[in-house]
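Structure first, commentary second.
Because the structure is predicted, anything quoted here is derived from the model rather than measured. Lettering of chains follows the sequences in order, A, B, ..., and the numbering in each one begins at 1.
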Amino acid sequence: MLLQEATVATLERLGKQLAIHADDGRVLCLHLGMSGQVQLVDPGDPVKPHTHCTWSLREGRRRLEMRFVDPRRFGGLWTFASRDRLLGDRWSQLGPDALDLDPGLLARQLEGRARGLKATLLDQAIVAGLGNIYVDEILFRARLHPRQPAGTVKRDEVERIADATLGILGQAIQQGGSTVRSWLDSEGQVGEFARSHKVYGRSGDMCVDCGQPLRDDLVAQRQTVWCPNCQRLKRRKR
DNA sequence: CACGACCCCTGGATGC
DNA sequence: TGCATCCAGGGGTCGT
(Lines give C-alpha, C1' and ligand atoms only; values in the text may rest on other atoms or scores of the structure.)
Protein backbone atom coordinates (compact mmCIF):
# COMPACT_ATOMS: atom_id res chain seq x y z
CA MET A 1 0.00 0.00 0.00
CA LEU A 2 1.17 3.53 0.59
CA LEU A 3 4.54 2.66 2.08
CA GLN A 4 3.53 0.28 4.87
CA GLU A 5 6.31 -1.26 6.98
CA ALA A 6 8.86 1.08 5.51
CA THR A 7 11.87 2.85 6.95
CA VAL A 8 12.15 6.39 5.70
CA ALA A 9 15.54 6.99 4.17
CA THR A 10 15.48 10.33 2.37
CA LEU A 11 13.20 13.11 1.21
CA GLU A 12 13.24 14.77 -2.18
CA ARG A 13 11.36 17.55 -3.94
CA LEU A 14 10.82 18.68 -7.51
CA GLY A 15 8.63 21.70 -8.04
CA LYS A 16 5.49 21.29 -5.96
CA GLN A 17 5.89 17.54 -5.56
CA LEU A 18 7.46 15.75 -2.62
CA ALA A 19 8.95 12.27 -2.47
CA ILE A 20 9.51 10.10 0.58
CA HIS A 21 12.04 7.37 -0.18
CA ALA A 22 12.03 4.17 1.83
CA ASP A 23 15.25 2.28 2.41
CA ASP A 24 13.94 -0.63 0.31
CA GLY A 25 13.61 1.66 -2.70
CA ARG A 26 9.88 2.26 -2.64
CA VAL A 27 8.70 5.85 -3.04
CA LEU A 28 5.67 7.83 -1.91
CA CYS A 29 5.08 10.98 -3.96
CA LEU A 30 2.83 13.71 -2.57
CA HIS A 31 1.27 16.78 -4.11
CA LEU A 32 -0.63 19.17 -1.85
CA GLY A 33 -2.68 20.88 -4.55
CA MET A 34 -4.42 23.93 -3.16
CA SER A 35 -5.62 22.96 0.26
CA GLY A 36 -3.53 19.91 1.08
CA GLN A 37 -1.53 19.60 4.24
CA VAL A 38 0.86 17.04 5.68
CA GLN A 39 0.58 17.01 9.44
CA LEU A 40 3.13 15.51 11.82
CA VAL A 41 1.19 15.16 15.06
CA ASP A 42 0.83 13.21 18.25
CA PRO A 43 -1.29 10.08 17.62
CA GLY A 44 -3.81 11.34 20.18
CA ASP A 45 -4.41 14.66 18.42
CA PRO A 46 -7.97 15.13 17.14
CA VAL A 47 -8.38 14.07 13.53
CA LYS A 48 -9.34 16.95 11.25
CA PRO A 49 -12.14 16.57 8.72
CA HIS A 50 -10.90 15.48 5.27
CA THR A 51 -8.03 13.45 6.66
CA HIS A 52 -7.61 10.97 3.82
CA CYS A 53 -4.58 8.98 4.91
CA THR A 54 -2.71 8.34 8.16
CA TRP A 55 0.70 6.77 8.77
CA SER A 56 1.94 5.60 12.17
CA LEU A 57 5.56 6.61 12.57
CA ARG A 58 8.18 5.63 15.07
CA GLU A 59 11.37 7.55 15.61
CA GLY A 60 13.39 5.85 18.30
CA ARG A 61 11.01 5.61 21.20
CA ARG A 62 8.76 8.42 20.03
CA ARG A 63 5.50 7.65 18.23
CA LEU A 64 3.79 10.13 15.99
CA GLU A 65 1.39 10.28 13.09
CA MET A 66 1.72 11.68 9.63
CA ARG A 67 -1.65 12.69 8.21
CA PHE A 68 -2.60 13.80 4.73
CA VAL A 69 -5.43 16.33 5.01
CA ASP A 70 -6.93 17.85 1.86
CA PRO A 71 -10.43 19.37 1.98
CA ARG A 72 -10.63 20.26 -1.68
CA ARG A 73 -8.95 17.11 -2.92
CA PHE A 74 -6.81 18.85 -5.52
CA GLY A 75 -3.78 17.09 -4.08
CA GLY A 76 -2.74 13.50 -4.54
CA LEU A 77 -0.62 10.55 -3.45
CA TRP A 78 1.22 8.12 -5.73
CA THR A 79 3.50 5.20 -4.99
CA PHE A 80 6.34 3.83 -7.08
CA ALA A 81 8.47 0.72 -6.80
CA SER A 82 11.65 2.70 -7.29
CA ARG A 83 13.07 6.16 -7.73
CA ASP A 84 13.64 5.37 -11.40
CA ARG A 85 9.94 4.78 -11.83
CA LEU A 86 9.07 8.07 -10.09
CA LEU A 87 11.47 9.91 -12.37
CA GLY A 88 10.44 8.08 -15.52
CA ASP A 89 6.71 7.85 -15.05
CA ARG A 90 5.90 11.09 -13.27
CA TRP A 91 8.67 13.61 -12.76
CA SER A 92 9.67 13.34 -16.41
CA GLN A 93 6.61 15.52 -17.05
CA LEU A 94 8.15 18.37 -15.05
CA GLY A 95 10.56 21.06 -16.19
CA PRO A 96 13.57 22.24 -14.17
CA ASP A 97 12.90 23.31 -10.61
CA ALA A 98 12.30 27.04 -10.20
CA LEU A 99 15.09 27.28 -7.63
CA ASP A 100 17.56 25.86 -10.16
CA LEU A 101 16.81 28.51 -12.78
CA ASP A 102 19.58 30.49 -14.34
CA PRO A 103 19.26 32.83 -17.32
CA GLY A 104 20.63 30.33 -19.83
CA LEU A 105 18.30 27.56 -18.73
CA LEU A 106 15.27 29.85 -18.60
CA ALA A 107 16.05 31.28 -22.04
CA ARG A 108 15.99 27.75 -23.49
CA GLN A 109 12.67 27.02 -21.79
CA LEU A 110 11.01 30.19 -23.13
CA GLU A 111 12.47 30.09 -26.62
CA GLY A 112 9.95 29.92 -29.46
CA ARG A 113 6.90 29.99 -27.22
CA ALA A 114 3.94 32.05 -28.36
CA ARG A 115 2.05 31.89 -25.08
CA GLY A 116 2.17 34.76 -22.64
CA LEU A 117 4.70 34.78 -19.81
CA LYS A 118 2.03 34.12 -17.20
CA ALA A 119 0.71 30.94 -18.85
CA THR A 120 4.24 29.82 -19.70
CA LEU A 121 5.64 30.22 -16.20
CA LEU A 122 2.60 28.51 -14.67
CA ASP A 123 3.19 25.45 -16.86
CA GLN A 124 4.96 22.90 -14.66
CA ALA A 125 6.47 21.24 -17.74
CA ILE A 126 8.39 24.45 -18.47
CA VAL A 127 9.35 25.48 -14.94
CA ALA A 128 8.36 23.34 -11.94
CA GLY A 129 7.26 25.02 -8.75
CA LEU A 130 5.62 28.33 -9.66
CA GLY A 131 1.96 29.03 -8.92
CA ASN A 132 -0.38 31.94 -9.43
CA ILE A 133 0.78 34.12 -6.53
CA TYR A 134 4.48 33.81 -7.26
CA VAL A 135 4.23 34.31 -11.02
CA ASP A 136 2.42 37.62 -10.48
CA GLU A 137 5.04 38.74 -7.95
CA ILE A 138 7.90 37.61 -10.20
CA LEU A 139 6.55 39.41 -13.29
CA PHE A 140 6.03 42.58 -11.26
CA ARG A 141 9.59 42.49 -9.96
CA ALA A 142 10.88 41.76 -13.48
CA ARG A 143 8.70 44.59 -14.88
CA LEU A 144 7.20 42.38 -17.59
CA HIS A 145 3.59 42.10 -18.75
CA PRO A 146 1.79 38.79 -18.03
CA ARG A 147 0.67 38.54 -21.66
CA GLN A 148 4.08 39.27 -23.18
CA PRO A 149 4.71 36.34 -25.53
CA ALA A 150 7.38 34.24 -23.82
CA GLY A 151 9.43 33.83 -26.98
CA THR A 152 9.82 37.59 -27.42
CA VAL A 153 11.63 38.37 -24.17
CA LYS A 154 15.17 39.64 -24.61
CA ARG A 155 18.25 38.42 -22.83
CA ASP A 156 18.26 41.10 -20.13
CA GLU A 157 14.58 40.44 -19.50
CA VAL A 158 15.20 36.70 -19.13
CA GLU A 159 17.86 37.61 -16.58
CA ARG A 160 15.35 39.77 -14.71
CA ILE A 161 12.85 36.90 -14.58
CA ALA A 162 15.46 34.44 -13.33
CA ASP A 163 16.68 36.95 -10.70
CA ALA A 164 13.14 37.77 -9.62
CA THR A 165 12.24 34.08 -9.32
CA LEU A 166 15.12 33.32 -6.97
CA GLY A 167 14.54 36.55 -5.05
CA ILE A 168 10.80 36.12 -4.58
CA LEU A 169 10.96 32.41 -3.73
CA GLY A 170 13.90 32.94 -1.38
CA GLN A 171 12.05 35.65 0.50
CA ALA A 172 8.83 33.62 0.59
CA ILE A 173 10.62 30.57 1.97
CA GLN A 174 12.31 32.71 4.61
CA GLN A 175 8.94 34.11 5.64
CA GLY A 176 7.23 30.72 5.78
CA GLY A 177 5.13 30.99 2.62
CA SER A 178 1.98 32.87 1.70
CA THR A 179 -1.02 32.29 3.91
CA VAL A 180 -3.87 33.72 1.84
CA ARG A 181 -6.85 32.03 3.41
CA SER A 182 -6.06 29.03 5.52
CA TRP A 183 -2.73 27.64 4.44
CA LEU A 184 -0.71 26.10 7.28
CA ASP A 185 2.63 24.32 7.32
CA SER A 186 3.19 20.82 8.76
CA GLU A 187 3.34 22.26 12.27
CA GLY A 188 0.17 24.29 11.87
CA GLN A 189 1.92 27.64 11.47
CA VAL A 190 0.78 30.41 9.13
CA GLY A 191 3.17 31.95 6.59
CA GLU A 192 4.00 35.63 6.63
CA PHE A 193 4.92 36.26 2.99
CA ALA A 194 1.42 37.48 2.12
CA ARG A 195 2.27 40.77 3.87
CA SER A 196 5.03 41.24 1.30
CA HIS A 197 2.85 40.71 -1.77
CA LYS A 198 3.20 43.75 -4.01
CA VAL A 199 0.54 42.88 -6.59
CA TYR A 200 -1.25 39.61 -5.74
CA GLY A 201 -4.55 40.40 -4.05
CA ARG A 202 -3.99 44.15 -4.44
CA SER A 203 -5.93 45.02 -7.59
CA GLY A 204 -7.04 48.66 -7.46
CA ASP A 205 -4.37 49.56 -4.91
CA MET A 206 -1.59 51.92 -5.90
CA CYS A 207 1.58 50.41 -7.34
CA VAL A 208 4.33 50.55 -4.70
CA ASP A 209 6.78 51.71 -7.37
CA CYS A 210 4.90 54.27 -9.46
CA GLY A 211 1.66 55.05 -7.62
CA GLN A 212 -0.62 54.14 -10.52
CA PRO A 213 -3.53 51.81 -9.74
CA LEU A 214 -2.90 48.09 -10.22
CA ARG A 215 -5.31 46.31 -12.51
CA ASP A 216 -6.48 42.73 -12.80
CA ASP A 217 -7.87 40.43 -15.43
CA LEU A 218 -8.25 36.74 -16.12
CA VAL A 219 -5.03 35.52 -17.74
CA ALA A 220 -4.40 31.82 -18.35
CA GLN A 221 -7.66 31.15 -16.44
CA ARG A 222 -6.19 32.69 -13.30
CA GLN A 223 -6.89 35.99 -11.62
CA THR A 224 -3.87 38.11 -12.50
CA VAL A 225 -2.77 41.45 -11.08
CA TRP A 226 -0.17 43.77 -12.59
CA CYS A 227 0.84 47.40 -12.90
CA PRO A 228 -0.13 48.67 -16.36
CA ASN A 229 2.48 51.40 -16.07
CA CYS A 230 5.48 49.38 -14.85
CA GLN A 231 4.66 46.23 -16.83
CA ARG A 232 4.10 47.34 -20.42
CA LEU A 233 3.23 44.95 -23.21
CA LYS A 234 5.89 45.37 -25.90
CA ARG A 235 4.77 44.85 -29.46
CA ARG A 236 7.45 42.82 -31.14
CA LYS A 237 7.69 40.42 -34.00
CA ARG A 238 9.30 37.09 -33.34
C1' DC B 1 2.73 19.60 -30.96
C1' DA B 2 1.17 23.93 -28.88
C1' DC B 3 -2.17 26.10 -26.68
C1' DG B 4 -6.73 27.53 -24.60
C1' DA B 5 -11.08 26.28 -22.28
C1' DC B 6 -13.29 23.74 -18.99
C1' DC B 7 -13.74 21.01 -14.98
C1' DC B 8 -12.85 18.98 -10.49
C1' DC B 9 -13.64 20.46 -5.15
C1' DT B 10 -14.87 22.86 -0.50
C1' DG B 11 -15.04 26.69 2.63
C1' DG B 12 -14.95 31.46 3.29
C1' DA B 13 -16.72 35.78 1.55
C1' DT B 14 -20.30 38.26 -0.36
C1' DG B 15 -25.10 39.50 -1.75
C1' DC B 16 -29.95 39.88 -0.93
C1' DT C 1 -29.99 36.34 10.58
C1' DG C 2 -29.97 32.93 7.06
C1' DC C 3 -29.73 31.20 2.79
C1' DA C 4 -27.93 31.22 -2.08
C1' DT C 5 -24.28 32.34 -4.91
C1' DC C 6 -19.61 33.42 -6.06
C1' DC C 7 -14.81 32.77 -5.99
C1' DA C 8 -10.12 30.92 -5.04
C1' DG C 9 -6.45 27.92 -8.09
C1' DG C 10 -3.20 23.19 -9.47
C1' DG C 11 -3.44 20.50 -13.00
C1' DG C 12 -5.82 16.71 -15.89
C1' DT C 13 -8.32 16.29 -20.02
C1' DC C 14 -10.21 17.46 -24.22
C1' DG C 15 -10.96 20.26 -28.34
C1' DT C 16 -8.96 23.23 -31.89
Side-chain angles (χ1 to χ4, degrees), chain A residues 13-19 29-39 46-53 67-80 86 88-99 106-140 145-153 165 168-169 172 177-185 188 190-191 193-195 197 199-205 214-226 233 237-238:
Chain A
R13 179 193 65 79
L14 179 57
K16 303 171 185 177
Q17 304 194 27
L18 314 170
C29 176
L30 302 101
H31 192 296
L32 300 180
M34 281 296 299
S35 59
Q37 189 189 2
V38 173
Q39 296 182 301
V47 176
K48 281 191 176 184
H50 308 292
T51 298
H52 303 296
C53 210
R67 297 175 185 167
F68 183 72
V69 186
D70 186 13
R72 285 161 73 178
R73 288 186 269 152
F74 280 10
L77 302 169
W78 302 265
T79 50
F80 298 89
L86 167 70
D89 297 349
R90 186 166 179 85
W91 284 8
S92 56
Q93 311 301 315
L94 300 177
D97 190 89
L99 291 175
L106 181 59
R108 288 196 293 281
Q109 295 300 92
L110 301 185
E111 191 181 0
R113 308 218 177 254
R115 266 193 298 181
L117 283 170
K118 169 96 182 202
T120 304
L121 293 173
L122 281 176
D123 186 339
Q124 302 300 296
I126 293 170
V127 177
L130 301 179
N132 195 44
I133 295 172
Y134 295 116
V135 170
D136 278 10
E137 295 298 320
I138 287 163
L139 290 177
F140 175 75
H145 195 284
R147 295 191 212 268
Q148 185 73 44
T152 69
V153 296
T165 300
I168 293 285
L169 292 184
S178 302
T179 295
V180 174
R181 280 175 186 74
S182 55
W183 186 89
L184 302 173
D185 70 15
V190 302
F193 185 66
R195 296 184 208 285
H197 292 169
V199 288
Y200 180 83
R202 298 197 188 285
S203 182
D205 291 1
L214 301 175
R215 64 160 295 181
D216 72 288
D217 197 4
L218 204 61
V219 181
Q221 333 298 3
R222 297 289 173 257
Q223 205 57 38
T224 299
V225 187
W226 74 95
L233 192 57
K237 59 182 176 190
R238 287 189 299 118

**OP:** Tell me, please, which residues at least two apart from Q109(A) pass side-chain contact (heavy atoms from CB on, under 4.5 Å).
**Re:** P96(A), I126(A)
**OP:** Ignoring backbone atoms, establish whether H50(A) has a side-chain N or O less than 4.0 Å from OP1 or OP2 of dC9(B).
**Re:** no
**OP:** Can you sort out the partners of D97(A) under salt bridge (Lys or Arg N to Asp or Glu O under 4.0 Å), two or more places apart, ordered by chain and number?
**Re:** R13(A)
Original post:
With under 30° as parallel and over 60° as perpendicular, where do the rings of Y134(A) and H197(A) fit, or are they tilted in between?
Top reply: perpendicular
Subject >> Partner set under side-chain contact (heavy atoms from CB on, under 4.5 Å) for A107(A), not counting sequence neighbours >> reply: R155(A), V158(A)
Can you list, pair by pair, the side-chain donor-acceptor contacts under 3.5 Å of residues 216-223 of chain A, counting residues two or more places apart and other chains?
from, atom 1, to, atom 2, distance (Å)
D216(A), OD1, S203(A), OG, 2.5
D216(A), OD2, Q223(A), NE2, 2.4
D217(A), OD2, R147(A), NH2, 2.7

Original post:
Does R73(A) place a side-chain N or O at less than 4.0 Å from the phosphate oxygens OP1/OP2 of dT10(B)?
Top reply: yes
With 3.5 Å as the limit, what N/O pairs link the protein to nucleotides 1-5 of chain B?
from, atom 1, to, atom 2, distance (Å)
dC3(B), OP1, A114(A), N, 2.7
dC3(B), OP1, R115(A), N, 3.4
dA5(B), OP2, Q221(A), NE2, 3.3
dA5(B), N7, Q221(A), NE2, 3.3

Subject >> Set of side chain to side chain donor-acceptor pair (under 3.5 Å) partners for Q148(A), sequence neighbours left out >> reply: T152(A)
Original post:
Where the side chain of D136(A) meets the backbone of V225(A), is there a donor-acceptor pair that is under 3.5 Å apart?
Top reply: yes
Subject >> Divergence of helical axes at both termini of the helix from dA2(B)-dT16(C) to dC16(B)-dG2(C) - five pairs an end, 10° steps >> reply: 50°
**OP:** Tell me, please, which residues at least two apart from R67(A) pass salt bridge (Lys or Arg N to Asp or Glu O under 4.0 Å).
**Re:** E65(A)
Subject >> For T224(A), side chain to side chain donor-acceptor pair (under 3.5 Å) partners two or more places apart >> reply: K118(A)
What nitrogen or oxygen pairs link the protein and nucleotides 13-15 of chain C at under 3.5 Å?
none

Original post:
R115(A): what forms a side chain to side chain donor-acceptor pair (under 3.5 Å) with it, not counting sequence neighbours?
Top reply: D123(A)
